[in-house]
Amino acid sequence: MSDERPAPSEASEPDTAPSGSVPGAERAPNFVADLVDDDLRAGKHDGRVATRFPPEPNGYLHIGHAKSICLNFGIAAKSAKGTCNLRFDDTNPATEETEYVDSIRADVRWLGFDWGEREHFASDYFDRLYAIAEQLVEDGLAYVDSQSTEEIRKGRGSFYEKGKESPFRDRSVAENLALLRKMRGGELPDGSHVLRAKIDMGSADINMRDPLLYRIKHAHHHRTGDRWCIYPMYDYAHPLSDAIEGITHSICTLEFEDHRPLYDWFVANARMEHRPRQIEFARLNLTYTVLSKRRLQELVEGGHVRGWDDPRMPTLAGLRRRGYTPEALRAFCDRIGVSKKDGVVDVALLEHTLREDLNARAPRAMGVLRPLRLVIDNWPEGHVERFSIANHPEDPSYGTREVPFSRVVYIERDDFAEVPPKKWFRLQPGGEIRLRGACIVRCNEVVKDAAGAIVELRCTWDEGSRGGAAPDNRRIKGTSHWVSAEHALDAEVRLYDRLFSVENPSDEKHGKPYTDLIDPASLEVLTGCKLEPSLAAKKAGEPFQLERLGYFVVDPDGTPERPVLNRTIGLKDSYAKIAGKT
RNA sequence: UCGGGGAUCGUCUAACGGCAGGACGCCAGACUCUGGAUCUGGCUAUCUAGGUUCGAAUCCUAGUCCCCGAGCCA
């Protein structure tokens with residue numbers, strides 16, 4: 001029985017009384033953390049825990065990476081002697097760029113993790129890796145193969161057939177060394193030779209059939225420039241990079257599970273001092289989106305979205321622009337757990353986690369998306385009153401603000417119905433509604449244009465309802481948000497929804513490519529929206545709630561005079577649900 | 001036909017031979033100056049078949065289904 005559970009080391013999460021409801025405070029199931037604890041208790045690595053997050057700088061980070069980042073940094077943070085490195089796995093110059101290095105740094109930092117001085121590049125180890133390769137050759141454990149790509153592929157065999165040994169497999173150490181040096185020296189063309197490990201062409205594990213260590217690639221590397229023309233393969237560079245950095249637990253995804261014997265082979269035969277342990281977990285899948293680098297790239301390059309940071313993208317850059325908070329993302333990663341079962345997490349859980357965080361922290365304001373003029377006939381022309389409204393109804397520490405009110409205000413078109421359906425709480429001809437924090441109005445007349453479209457409502461206000469409370473305590477079921485016409489800020493508002501119209505866009509059962517399953521309604525742009533004046537002060541990235549509508553952020557596309565808002569996510573709408581049922 | 005993994009409510013995940021629990025979701029209700037939030041109640045699961053055992057999600061045997069693997073990608 002384990003009882004020396006690491007004391008509440010995460011001091012950030014003060015445990016509230018058992019009765020208190022602490023949303024998201026449940027201990028996240030995490031078998032990787034349990035294995036690390038086991039190693040710790042067994043006295044391995046002198047009590048050290050060292051993890052790493054090893055992205056290849058060839059694309060933008062997405063929410064699946066967030067799971068890995070939270071896992072790796074989280075495990076390190078749990079233990080006193082824990083560290084987590086950021087390592088760029090840059091062994092393929094053909095696809096990697098500095099732009100991605102920069103975006104990855106920014107995204108990890110934004111998510112809330114700090115790697116301090118522990119930033120590394122696999123390319124930092126090229127000299128060392130090469131020296132080890134020569135050593136392997138001298139030990140008779142590696143050889144230069146001069147077969148063509150095609151011949152090597154054929155020789156590898158298949159799932160059902162063993163491989164065949166290369167005719168070059170038994171070259172002498174001296175010959176191998178000379179050839180390897182020529183490869184490195186730049187005298188040999190791409191594809192003419194490779195360095196392979198001499199393991200076992202008869203292995204049932206294809207990874208062990210003399211895997212490639214180095215290939216010739218006359219390509220410019222984003223960091224080493226033209227210093228190298230041979231580059232190490234992942235299977236070789238990764239375990240050795242881990243060992244060089246003294247990583248204790250090398251956490252990766254399931255598809256590397258059958259690379260583990262090879263991982264161990266390299267660490268052992270390179271006689272590395274540190275012996276990291278590879279542990280595999282299931283990568284994240286989410287409903288209504290795609291999470292593979294390839295598909296994300298296609299969405300960007302095919303022009304299906306506006307870029308890597310399109311607010312509908314599951315990239316960290318996209319989520320950030322959309323208005324997701326790092327706190328919500330971390331809470332989400334905590335809740336989904338870590339296991340070896342590949343599943344699909346319902347995006348509703350992500351959305352729930354987001355709303356939970358935003359509800360607690362986002363200040364409230366008012367804005368009208370589809371304005372309808374409402375004129376208060378018994379309100380004096382030119383008279384302006386400022387109502388004091390709470391910035392957060394559940395947290396007085398957010399204070400109040402003064403919101404100007406005048407004779408003409410805008411309300412949401414959806415909040416008026418000439419012929420109300422059943423269970424309608426909002427405004428209707430002859431009916432009353434409360435204008436949030438201001439007063440109660442009654443609709444006396446519906447003004448239409450020649451075409452019969454409603455252009456404005458003529459109303460009167462109850463002078464005893466100043467501030468919104470009914471003087472006689474009569475029940476006013478509906479409350480509308482509003483914006484004073486003469487004080488309103490004009491804005492563009494972008495409404496986002498799930499990018500895809502189906503749960504699993506990658507599933508072939510749909511009979512069409514996932515790009516055909518993009519929901520055209522996933523982006524709706526509204527112009528002529530009206531905002532209360534206090535919103536002019538909002539900066540990009542500061543979340544706020546537009547009451548009754550949802551959570552929003554200012555998009556960098558806007559200007560102070562003409563703000564652009566992104567709707568991060570709508571409020572839960574139980575009326576839409578009953579209305580939908582009819 | 002080979003190798004490596006995995007199967008528990010609709011979804012994610014606990015239970016490590018001893019009452020199948022939580023979260024999301026869904027349904028119903030209460031409350032509310034956001035049809036939000038909050039609160040209450042309810043819903044649904046151990047892949048199959050055998051076996052061991054007083055007792056099996058857990059151990060054994062045999063199946064079934066799903067994922068990954070034949071890049072000079074990572």
Side-chain angles (χ1 to χ4, degrees), chain A residues 21 23-24 26-30 54-56 58 89 91-92 94-96 145 148-149 152-154 156-163 190-196 203-209 212-217 230-231 233-235 237-238 252-261 280 282 287 293 335-353 355-356 359-360 364 366 389-390 393-394 423-426 434-438 440 465 467-470 476-481 503 545-550 570-579:
Chain A
S21 68
E26 314 84 34
R27 182 192 142 102
N30 184 335
E56 182 189 13
N58 71 345
D89 217 339
T91 57
N92 185 357
T95 56
E96 295 152 6
D145 194 349
S148 68
T149 304
I152 289 176
R153 192 183 60 75
K154 280 209 179 100
R156 192 151 30 220
S158 73
F159 295 148
Y160 319 114
E161 294 171 299
K162 292 179 186 311
D190 288 8
S192 60
H193 307 266
V194 291
L195 183 70
R196 301 179 75 174
S203 173
D205 178 357
I206 292 180
N207 294 299
M208 298 299 268
R209 323 236 259 230
L212 275 56
L213 273 59
Y214 273 94
R215 75 282 215 190
I216 303 172
K217 231 179 228 273
I230 59 173
Y231 291 92
M233 301 287 291
Y234 167 87
D235 278 322
H238 201 89
C252 64
T253 42
L254 252 27
E255 70 269 26
F256 293 105
E257 204 148 18
D258 44 18
H259 294 235
R260 199 188 325 137
E280 310 85 8
T287 54
K293 229 178 226 184
R335 285 209 202 179
I336 56 177
V338 179
S339 76
K340 296 191 71 151
K341 174 180 147 188
D342 52 2
V344 189
V345 175
D346 192 338
V347 74
L349 178 58
L350 209 215
E351 294 170 344
H352 167 82
T353 313
R355 288 195 182 98
E356 187 174 62
N359 176 53
R364 317 284 135 124
M366 290 192 288
I389 299 182
E394 291 164 37
K423 295 221 186 176
W424 180 259
F425 298 171
R426 283 116 94 152
R434 171 184 299 106
L435 296 179
R436 175 78 158 153
I440 294 165
S465 69
I476 304 292
K477 284 200 100 175
T479 298
S480 266
H481 52 282
E503 261 193 38
Q545 183 192 103
L546 249 26
E547 291 208 36
R548 304 211 305 133
L549 295 175
L571 257 27
K572 281 197 354 197
D573 186 354
S574 57
Y575 175 71
K577 200 171 282 179
I578 64 169

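Throughout, a chain's letter reflects where its sequence line sits, starting with A, and its residues are numbered from 1.
Between B:C19 and B:C26, the distance separating the two C1' atoms is 26 Å to the nearest Å. Comparing the P positions of B:U32 and B:A23 gives an interatomic distance of 26 Å, to the nearest angstrom. Nucleotides B:C27 and B:U44, compared at atom P, are 16 Å apart to the nearest Å.
Among the protein residues, A:G191 comes within range of the nucleic acid bases, having at least one heavy atom under 4.0 Å from a base atom. Across all strands, A:A94 comes closer than 4.0 Å to no nucleic acid atom at all (heavy-atom distances). Residue contacts shown for A:E161 are absent, as no nucleic acid heavy atom lies under 4.0 Å away. Residue contacts shown for A:Y214 are absent, as no nucleic acid heavy atom lies under 4.0 Å away. Note on A:R436: a base of the nucleic acid sits closer than 4.0 angstrom, heavy atoms only. Among the atoms of the strands shown, base atoms are found under 4.0 Å from some heavy atom of A:P393.
Between B:G69 and A:R209, no contact under 4.0 Å exists linking OP1 or OP2 to a side-chain N or O. Taking 4.0 angstrom as the limit, A:S339 places a side-chain polar atom (N or O) nearer than this to OP1 or OP2 of B:U13. Between B:C72 and A:K217, no contact under 4.0 Å exists linking OP1 or OP2 to a side-chain N or O. Contact annotation: A:R335 side-chain N/O to B:G22 OP1/OP2 distance is not under 4.0 Å.
For a distance-only test at 3.5 Å, the side chain of A:R426 qualifies as a donor-acceptor partner of the base of B:G35.
With B:G3, B:C26, B:U1 as the candidates, the nucleotide lying closest to the side chain of A:A204 is B:G3. Considering only side-chain atoms of A:D258, the nucleotide from B:G10, B:A74, B:G4 that sits closest is B:G4. For A:H352, counting side-chain heavy atoms from C-beta on, the closest listed nucleotide (B:C24, B:G35, B:A37) is B:C24. Here the nucleotide nearest the side chain of A:N92, chosen from B:A70, B:G35, B:C73, is B:C73. You'll find that the side chain of A:I206 is closest to B:A70, out of B:A70, B:G35, B:C72. For A:F159, taking side-chain heavy atoms from C-beta onward, the closest of the listed nucleotides B:G69, B:G25, B:G35 is B:G69.
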Enumerate the protein-to-nucleotides 6-9 of chain B contacts in which both atoms are nitrogen or oxygen and the separation is below 3.5 Å.
from, atom 1, to, atom 2, distance (Å)
B:U8, OP2, A:K341, NZ, 2.4

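Here the P atom of nucleotide B:C72 and the CG atom of A:D235 are 10 Å apart, to the nearest Å.
In this structure, the aromatic ring of A:Y160 is positioned over the six-membered ring of the base of B:U1, centres within 5.5 Å and planes within 30°.
Remark: A:K154 NZ is loosely packed, at most 12 non-hydrogen atoms of other residues, nucleotides or ligands lying under 6.0 Å away.
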Quiz item: So what's the dot-bracket for RNA chain B: Watson-Crick or G-U pairs under 3.5 Å, [ ] if a pair crosses, | if it pairs off-strand?
Solution: .((((((..((((....[..))))((((((.......))))))...(((((..]....))))))))))).....

